[in-house]
J.: 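Before I ask anything, let me first share the structure, which is written out below as structure tokens.
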Amino acid sequence: MSQVRILSSRPFDCPEQALFLSLFNNERYCRQDALRLRFLLLTLGGGCTIGASMTNELLSLSEPWLQYAIRINLLDQNAGDLAALREEALLDSKIQRSLKIVADYHSTLVTNHKNPDLPIHKLLFLLDLGFDTDVPEIESAVAQLMEHRDKHGVYQSLTNIPKHFGGTGEDGFGWCLCDAPLLLLALIEAGVSYEKHIRQGVDYLVSLEKEQGFLCSVSEEFGTFRGPGRKDDCCPYATLVMLRLLSRIDGYRNSETAIRAIDALLDLWERSRERHPYMFYTGTDFRKLKAPAIWYDIVGVADCLSVFEYTRADARFGEMVEIIRSKQDEDGLFTPQSVYQRSKGWDFGQKKTVSPYLSFLCLRILKRCED
């Protein structure tokens, strides 16, 4: 059959894509119905987005640390068979700087959760690449993280809440719902005993859920502090990081709590023009491709939601995925549209050329949708 184009400059040959395109552009059908059918076809018949040539191209552009992650996450290779590549990856100067940051875990005040150099973000980045506590710096970071735990089993970060925002104005340990789930997630990824060190904290944070999602919540050490929004509104970022945590726990991944949180985020997407609680917008900037996936943006949200089977047949999630897919170049790779200034020196810290790491994140999202 002739080639067709699906909201993208990249051609496709498979019949599932052709059927989707014909329905998507047919006025007799609702586009949401077409998107639902597309995901059903991909689920039942297998996808056609990620081919060997695309993966080989990505590998050829990637540094050893990313080659290691690609082989584990996209090619499903055994980490034990990649020992030489792992050692080469750990010698990379950028990886070494990241390890230095996490090795002195509590040296950085948590004052801005959007900072990609926060030790918790760096720790999760390294764990996601496939490194573990066999690396001394990661082992040290995990040990330091576990030193500060409150009576509810929730691990704490060092921060300073000014008095005029309801805090004490002094450096101290406590937690916000926009960082505490990430600490528990890191412990899960690091292989720490769930029953002994993690379950209590997870159950407590889950107990904070409200009908509208997870609100802006803090530990008693932080007084009356909360973000800039109505106190009864769902906090999009807190809900996102709670979902990242729940996605890694068998007992919660398919729970009603997870489903309600997913629906809360998808509702914000669907009503993006009218709802932006706590000044989290789902507009133009949200839709720009950006790495790493640490924040409330299309890559971060889609990366989280793609783990859940519940989302994959939802047309609203389908719209997010199609926006990401539409930004692929002719080789199926992706170029950043926005960057963190602190990411300068990484391949995702520029907007002029393809970013192998951003491409890895986006292709992993697409792969999950087609598995």
Side-chain angles (χ1 to χ4, degrees), residues 110 112-114 118 120-121 124 152 154-155 157 175-186 188-189 198 201-219 222 225-249 251-283 285-287 290 292-312 314-321 365 368:
V110 180
N112 178 3
H113 295 98
K114 203 175 181 179
L118 284 181
I120 185 56
H121 290 324
L124 285 167
H152 303 294
V154 181
Y155 294 91
S157 298
W175 56 262
C176 301
L177 198 55
C178 43
D179 58 43
L182 297 178
L183 275 62
L184 290 162
L185 174 61
I188 291 174
E189 300 290 4
I198 300 172
V202 171
D203 290 345
Y204 179 74
L205 294 184
V206 168
S207 75
L208 301 177
E209 182 202 13
K210 303 298 181 184
E211 180 180 355
Q212 59 271 50
F214 288 94
L215 313 188
C216 182
S217 306
V218 300
S219 63
F222 293 161
F225 171 78
R226 65 179 175 83
R230 296 189 304 179
K231 65 179 182 179
D232 293 329
D233 275 346
C234 159
C235 173
Y237 187 64
T239 301
L240 174 64
V241 296
M242 277 299 298
L243 270 175
R244 287 181 63 184
L245 173 62
L246 300 182
S247 73
R248 298 291 288 119
I249 304 171
Y252 278 116
R253 187 178 303 112
N254 299 313
S255 67
E256 290 298 317
T257 296
I259 289 172
R260 285 191 293 267
I262 290 168
D263 283 333
L265 292 184
L266 291 176
D267 182 67
L268 290 174
W269 167 264
E270 186 174 23
R271 301 168 62 189
S272 61
R273 292 184 179 275
E274 56 193 270
R275 293 199 62 206
H276 21 80
Y278 288 96
M279 300 176 68
F280 282 96
Y281 291 82
T282 319
D285 287 343
F286 176 93
R287 297 165 197 235
K290 190 175 187 177
I294 63 169
W295 196 239
Y296 181 75
D297 54 39
I298 195 165
V299 175
V301 172
D303 183 56
C304 172
L305 293 181
S306 64
V307 176
F308 296 91
E309 291 185 12
Y310 174 77
T311 63
R312 297 177 194 165
D314 193 298
R316 297 167 296 179
F317 176 63
E319 290 168 358
M320 285 190 196
V321 173
I365 292 168
R368 287 170 181 160

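As the structure is a computational prediction, the values presented were derived from the model and not from experiment.
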J.: Less than 4.0 angstrom from a charged side-chain N to a carboxylate O is my criterion; do R316 and D263 meet it?
T.: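 Yes, R316 and D263 are salt-bridged.
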J.: For the atom pair CG (L305) and CD1 (I365), what is the distance rounded to the nearest 0.5 Å?
T.: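 Between L305 CG and I365 CD1, I get 9.5 Å after rounding to 0.5 Å.
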J.: Counting C-beta onward and ignoring hydrogens, is there a side-chain heavy-atom pair between V206 and L246 closer than 4.5 Å?
T.: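 When only atoms from C-beta onward are counted, L246 and V206 do touch, with a gap below 4.5 Å.
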J.: Side-chain contact, heavy-atom cut-off 4.5 Å: D314 with F308?
T.: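 Result no, sub-4.5 Å side-chain heavy-atom pair not found.
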J.: Would you sort out whether N254 and Y310 count as a side chain to side chain contact (heavy atoms under 4.5 Å, CB included), showing the intermediate values?
T.: CA-CA 8 Å; N254 299 313; Y310 174 77; 5.9 Å; no
J.: Is any side-chain heavy atom of W175 less than 4.5 Å from a side-chain heavy atom of V110?
T.: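 When only atoms from C-beta onward are counted, V110 and W175 do not touch, as no gap falls below 4.5 Å.
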J.: Measuring from D297:CG to D285:CG, what's the distance to the nearest 0.5 Å?
T.: 10.0 Å
J.: The test is side chain to side chain contact (heavy atoms under 4.5 Å, CB included); show your working for L183 and I120 and say whether it passes.
T.: CA-CA 7 Å; L183 275 62; I120 185 56; 3.9 Å; yes
J.: First locate atom OG of S207, then atom NE2 of H152, and finally report the distance between them rounded to the nearest 0.5 Å.
T.: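 The NE2 atom of H152 is 8.5 Å from OG of S207, to the nearest 0.5 Å.
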J.: Any side-chain heavy atom of T257 sitting closer than 4.5 Å to one from M242?
T.: no
J.: Under the side chain to side chain contact (heavy atoms under 4.5 Å, CB included) test, which residues partner V241, sequence neighbours left out?
T.: P181, L182, Y237
J.: I need the I198 CD1 to I188 CD1 distance, nearest 0.5 Å.
T.: 5.0 Å
J.: Tell me the closest heavy-atom pair linking R244 and I294, and the distance in Å.
T.: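 Shortest heavy-atom separation between R244 and I294 comes out as NH1-CA, 4.5 Å.
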J.: To the nearest 0.5 Å, what is the distance between NZ (K114) and NE2 (H121)?
T.: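 Separation between the atoms: 11.0 Å.
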J.: Check P236 against L268 and note the closest heavy-atom contact, atom names and distance.
T.: CG-CD1, 3.7 Å
J.: Between CG of L185 and CG of L243, what distance do you get to the nearest 0.5 Å?
T.: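 Reported value, rounded in 0.5 Å steps: 11.5 Å.
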J.: Test R368 against D303 for salt bridge (Lys or Arg N to Asp or Glu O under 4.0 Å), laying out the working first.
T.: CA-CA 9 Å; R368 287 170 181 160; D303 183 56; 3.0 Å; yes
J.: Compare every heavy atom of A180 with every heavy atom of V154, then report the nearest pair and how far apart it is.
T.: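 So the minimum-distance heavy-atom pair works out to CG1-CB, 3.6 Å.
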J.: Is V202 close to I249 at the side-chain level, that is, under 4.5 Å between some pair of heavy atoms?
T.: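 They are in side-chain contact.
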J.: For residues G300 and L240, report the shortest heavy-atom separation together with the two atoms involved.
T.: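 Answer, listing the atom of G300 first, then L240: O-CD1, 4.1 Å.
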J.: Between F317 and R312, what is the shortest heavy-atom contact and its length?
T.: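 The answer is CD2-CA, 4.1 Å.
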J.: Taking all non-hydrogen atoms of both residues into account, name the closest pair between N112 and L118 and its distance.
T.: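 Nearest pair, atom of N112 first, then L118: O-CD1, 3.4 Å.
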J.: With the side chain counted from C-beta on, respond yes when V301 and F286 share a heavy-atom pair under 4.5 Å apart, and no when they do not.
T.: yes
J.: With Y204, which residues qualify under side-chain hydrogen bond (donor to acceptor under 3.5 Å, both in side chains), at least two apart?
T.: none
J.: With D203, which residues qualify under side-chain hydrogen bond (donor to acceptor under 3.5 Å, both in side chains), at least two apart?
T.: Y252
